[in-house]
Amino acid sequence: FRYIDWSFCGKEDVLYLRGCDNTKRRQETGAFERSLRLQSAHLELMQAPDLGIDGLLNKALEQIIAVTLSELGFLFLYDELQKDFVLHAWSKSVLQACSVKAKEDLPFSIHHKGLWSEAVREQKTVIVNHYDPAAEYAAGYPTGHLPIHNFLSLPVLDHGRIVAIAGVANKDTDY
């Protein structure tokens, strides 16, 4: 794709058009805006009052959603020894719109989470820009779950060990 600014003027029976390719400027502006969102999120987290671990994780999830321009998000804590996930938080938009209610205190095995747990299984960031519920990676989702259009999840590391996964979904554009 190219981004073109068009201008025109008319004189009698003649229409003059001029196109100016501004693709590079728009790409540079987009990169600057992404960097600014990331720096703002980092600053906000660093300046947050003593929220405790739960408050800090909730704030981090809010910032992840904002920085990625996503609609939905989640944060699961991961126990590497037990191979279990424990839901820490869903984004507010999920809690308001999703009719599936997970029990936050129950661990979920890595074997039951489909795409959610791919970041742990692969030990890297997972991006799916055209989510297909019938695909092999998808364990499907229960009735009442919000539809997923695109998805990004990443492992959160502490001294080389995965301790959590953060995920976002339904950005207007590809991840």
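Note that the structure is a prediction, hence the values are computed from the model and not measured.
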Spatial distance of atom [atom1] ([X]) from atom [atom2] ([Y]) [nearest 0.5 Å]:
{"X": "Thr23", "Y": "Asp5", "atom1": "OG1", "atom2": "CG", "value": "9.5 Å"}
{"X": "Thr29", "Y": "Arg26", "atom1": "OG1", "atom2": "CZ", "value": "8.5 Å"}
{"X": "Glu118", "Y": "Ile127", "atom1": "CD", "atom2": "CD1", "value": "13.5 Å"}
{"X": "Cys9", "Y": "Leu17", "atom1": "SG", "atom2": "CG", "value": "8.5 Å"}
{"X": "Arg161", "Y": "Gln123", "atom1": "CZ", "atom2": "CD", "value": "12.0 Å"}
{"X": "Arg18", "Y": "Trp6", "atom1": "CZ", "atom2": "CH2", "value": "11.0 Å"}

Requested in this report: Of all the heavy-atom pairs spanning Ile165 and Ala119, show the shortest one and how long it is.
Outcome: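 Closest heavy-atom pair between Ile165 and Ala119: CG2-CB, 4.2 Å.
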
Query raised in the report: What heavy-atom pair brings Ala166 and Ile64 nearest, and what distance separates the two atoms?
Result: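 Heavy atoms only, the tightest pair is CB-CD1, 3.9 Å.
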
Query raised in the report: Is Leu69 linked to Leu75 within one hydrophobic cluster, defined over Ile, Leu, Val, Met, Phe, Trp and Tyr using a side-chain heavy-atom separation of less than 4.5 Å?
Result: no

Requested in this report: Would you please indicate yes or no on a ring centroid separation below 6.0 angstrom for Phe74 and Phe76?
Outcome: yes

A side-chain contact here means heavy atoms from C-beta on lying under 4.5 Å apart; do [X] and [Y] qualify?
{"X": "Thr173", "Y": "Asn129", "result": "no"}
{"X": "Val163", "Y": "Leu77", "result": "no"}
{"X": "Asp174", "Y": "His130", "result": "yes"}
{"X": "Asp84", "Y": "Tyr78", "result": "no"}

Query raised in the report: Got more than 12 heavy atoms from elsewhere within 6.0 Å of CG, Asp158?
Result: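 Result for CG/Asp158: enclosed.
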
Requested in this report: Quick one: do Val156 and Ile162 satisfy side chain to side chain contact (heavy atoms under 4.5 Å, CB included)? Show the steps, please.
Outcome: CA-CA 6 Å; Val156 178; Ile162 298 173; over 6 Å; no

Taking [X] for its side chain and [Y] for its backbone only, find out whether a donor-acceptor pair lies under 3.5 Å.
{"X": "Asn150", "Y": "Lys171", "result": "yes"}
{"X": "Tyr175", "Y": "Ala169", "result": "yes"}
{"X": "Asn170", "Y": "His149", "result": "yes"}
{"X": "Asp79", "Y": "Gln82", "result": "yes"}

Query - Chi angles and distances behind the salt bridge (Lys or Arg N to Asp or Glu O under 4.0 Å) call for Glu28, Arg25 - result: CA-CA 5 Å; Glu28 290 169 352; Arg25 182 180 56 82; over 6 Å; no

